[in-house]
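Some notes on the structure that comes next.
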Amino acid sequence: MASEQSVANPPAIAPPRPGVWTRRGRSALRTARRQPLGVLGLLLVIVFILMAAVPNFIAPYPPNKIGVGLRLEDPSFSHLMGTDSIGRDVFSRIVYGARISVLIGFGAVAVGTAIGTVIGLLTGFFGGWTDTLIQRLIDVMMTVPGLILALVIITIWGQGVSQLILTIGVLIMPGTARIVRASVLSEKNNQYVEAAHVLGASNTRIMFRHLLPNVSASIIVIMSVMVGVAILVEAALSFLGLGIRPPTASWGQMLSIDGRTYMLQQPWLAIWPGLAISIIVLSLNLLGDSLRDITDPKLRMR
């Protein structure tokens with residue numbers, strides 16, 4: 001009788017749990033629905049990175065080839081953004097200019113964030129007179145307007161891509177160090193740090209193995225926002241003639257040379273590079289705001 005009941009009512013079998021990648025995919029979709037502007041910013045950033053990575057597959061002409069069209073042509077099917085004062089294709093130069101902006105933007109942020117993170121970890125963890133001295137030096141650096149400080153450093157180091165990366169990295173470093181220091185001060189008194197001390201962990205291990213992962217969310221948000229700042233600084237320096245040297249395609253340089261000279265005669269020469277700078281900076285800011293909302297527990301719960 002019992003066997004008949006067991007056949008009639010077989011035991012319930014739990015449905016298989018979804019795999020790790022399935023759960024992560026669903027989580028990513030939920031996050032994308034909550035942060036549509038962040039997804040838009042991410043997609044735009046990916047587009048600009050592709051432009052920087054493979055410009056020869058996107059640009060119809062070499063960026064520095066003279067006479068591919070008549071000088072100062074209007075936008076057309078053969079030249080989507082027109083031509084400049086010596087007959088170069090503006091769309092091709094915009095595409096190749098993305099390489100300079102992305103390289104300098106991400107390179108400067110990597111340099112400035114790496115140095116600022118180390119300084120913030122050391123000063124926040126150890127404190128004392130070293131912290132006081134370094135913070136006063138950072139205060140002095142932050143009181144000087146960034147563009148003026150960049151002009152001084154460029155005058156000393158000279159022009160070039162590597163010099164621009166180091167210069168803008170120096171400008172980014174103080175703010176990053178200050179934010180990382182504040183995060184370390186709020187984390188170093190937690191119980192997991194005390195437990196690491198009790199277990200005999202070295203200060204270096206505690207800083208880089210325990211504290212750094214817990215302040216990494218702030219660092220990621222800083223990096224996403226500072227890339228846009230670095231691109232703006234590079235464009236400003238190139239506009240002033242202290243950035244990338246001609247004939248290398250650069251958005252700031254395009255604004256300075258042809259955009260400023262022929263603004264009334266052919267306004268497209270100023271609109272296209274200015275629009276490219278605005279779009280990439282806006283997309284990075286949207287991405288940074290979304291990363292802040294995702295990594296902040298209070299905003300995520302709300």
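- Remark: side-chain polar atoms of Thr167 are not paired, donor with acceptor, to backbone N or O of Leu164 under 3.5 angstrom.
- A single hydrophobic cluster is not seen to contain both Leu72 and Ile66; linkage of ILVMFWY side chains at heavy-atom distances under 4.5 Å, directly or through other members, places them apart.
- Shown here for Ala150 and Leu171, the closest heavy-atom pair between the two residues is CB-CD1, 3.8 Å.
- Separating the OG1 atom in Thr176 from the CD1 atom in Ile119 is a distance of 9.5 Å, to the nearest 0.5 Å.
- When all heavy atoms of Gly228 and Val281 are compared, the closest pair comes out as O-CG2, 3.7 Å.
- Atom CD1 of Ile206 sits about 12.0 Å away from atom CG of Leu121, to the nearest 0.5 Å.
- The two atoms that bring Ile277 and Ala235 nearest to each other are CD1-CB, 3.7 Å, heavy atoms only.
- There is a side-chain donor-acceptor pair under 3.5 Å between Glu234 and Ser238.
- Across all their heavy atoms, Ile172 and Ala230 have their closest contact at CD1-CB, 4.2 Å.
- By the 30° and 60° cut-offs, the orientation of the rings of His197 relative to Phe125 is parallel.
- To the nearest 0.5 Å, atom CG of residue Asn190 and atom CG of residue Leu211 are 8.5 Å apart.
- Ser85 is not listed as a side-chain neighbour of Thr261, based on a closest heavy-atom distance of 4.5 Å or more.
- Annotation: salt bridge (Lys or Arg N to Asp or Glu O under 4.0 Å) contacts involving residues 111-133, sequence neighbours excluded, comprise Asp131-Arg181.
- Ser92 places no side-chain N or O within 3.5 Å of a backbone atom of Pro63 that could act as its donor or acceptor partner.
- A distance-only check finds no donor-acceptor pair linking the side chain of Thr83 to the backbone of His79 [under 3.5 Å].
- Ser283 places a side-chain N or O within donor-acceptor distance of the main-chain N or O of Ile280, the cut-off being under 3.5 Å.
- Shown here is Arg209, whose CZ atom has no more than 12 heavy atoms of other residues, nucleotides or ligands within 6.0 Å.
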May I have the step-by-step check of side-chain contact (heavy atoms from CB on, under 4.5 Å) for Ile231 and Ile104, ending in yes or no? CA-CA 7 Å; Ile231 291 173; Ile104 292 178; over 6 Å; no

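- Applying the salt bridge (Lys or Arg N to Asp or Glu O under 4.0 Å) rule to pairs touching residues 85-114 yields Asp84-Arg88, sequence neighbours excluded.
- The side-chain heavy atoms of Thr248 and Ile100, taken from C-beta on, include a pair separated by under 4.5 Å.
- Considering every non-hydrogen atom in both Leu103 and Ile165, the closest pair reads O-CD1, 4.2 Å.
- Following chains of ILVMFWY side-chain contacts shorter than 4.5 Å, one cannot reach Val225 starting from Ile168, and the two form parts of different hydrophobic clusters.
- The line from OG1 of Thr123 to CD1 of Ile138 is 6.5 Å long, rounded to the nearest 0.5 Å.
- Shown here are the side chain to side chain contact (heavy atoms under 4.5 Å, CB included) partners of Pro62, two or more places apart in sequence or in another chain: Lys65.
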Take Ile86 and Arg71, measure what side-chain contact (heavy atoms from CB on, under 4.5 Å) needs, and give me the verdict at the end. CA-CA 5 Å; Ile86 54 178; Arg71 60 187 303 269; over 6 Å; no

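- Between Met51 and Val102, every side-chain heavy-atom pair lies at or beyond the 4.5 Å cut-off.
- The side chain to side chain contact (heavy atoms under 4.5 Å, CB included) search around Ile257 returns Pro246, Gln253, not counting sequence neighbours.
- Applying the salt bridge (charged side-chain N to carboxylate O under 4.0 Å, His left out) rule to Asp289 yields no partners; only residues at least two apart in sequence or on another chain are considered.
- Not a single donor-acceptor pair under 3.5 Å links the side chain of Thr130 to the backbone N or O of Phe126.
- No side-chain donor-acceptor contact under 3.5 Å links Trp251 to the backbone of Ala276.
- Residues passing the side chain to side chain contact (heavy atoms under 4.5 Å, CB included) test with Met223 are Val109, Thr113, Ile219, sequence neighbours excluded.
- Listed by chain and residue number, Ser76 satisfy the side chain to side chain donor-acceptor pair (under 3.5 Å) test with Ser78 (two or more places apart in sequence, or in another chain).
- Formation of a donor-acceptor pair under 3.5 Å by the Thr155 side chain with backbone atoms of Leu151 is found in this model.
- Grouping the Ile, Leu, Val, Met, Phe, Trp and Tyr side chains by contacts below 4.5 angstrom, directly or via other members, places Val152 with Met141.
- The distance from atom CG of Leu44 to atom CD1 of Ile49, rounded to the nearest 0.5 Å, is 11.0 Å.
- Residues satisfying the salt bridge (charged side-chain N to carboxylate O under 4.0 Å, His left out) criterion with Asp139, sequence neighbours excluded, are Arg136, Arg178.
- Taking every heavy atom of both residues into account, Leu269 and Asp258 meet most closely at CD1-CB, 3.9 Å.
- Residue pairs satisfying the ring-ring contact (aromatic ring centres under 6.0 Å, His included) criterion with at least one member in residues 91-123, sequence neighbours excluded, are absent.
- Judged as a side chain to side chain donor-acceptor pair (under 3.5 Å), the pairs with a partner in residues 263-278 (not counting sequence neighbours) are, in order, Asp74-Gln266.
- A distance of 10.0 Å separates CE in Met207 from CG in Leu212, rounded to the nearest 0.5 Å.
- Met142 has its side chain within reach of Pro174: a pair of non-hydrogen atoms, C-beta onward, lies under 4.5 Å apart.
- Residue pairs meeting the salt bridge (Lys or Arg N to Asp or Glu O under 4.0 Å) criterion with at least one partner in residues 266-285, sequence neighbours excluded, do not occur; the list is empty.
- Linking ILVMFWY residues whenever their side-chain heavy atoms come closer than 4.5 Å, directly or via other members, leaves Val144 and Leu137 in distinct clusters.
- Listed by first and then second residue, the salt bridge (Lys or Arg N to Asp or Glu O under 4.0 Å) pairs that reach into residues 186-203 come to none, sequence neighbours excluded.
- Linking ILVMFWY residues whenever their side-chain heavy atoms come closer than 4.5 Å, directly or via other members, places Leu275 and Val90 in the same cluster.
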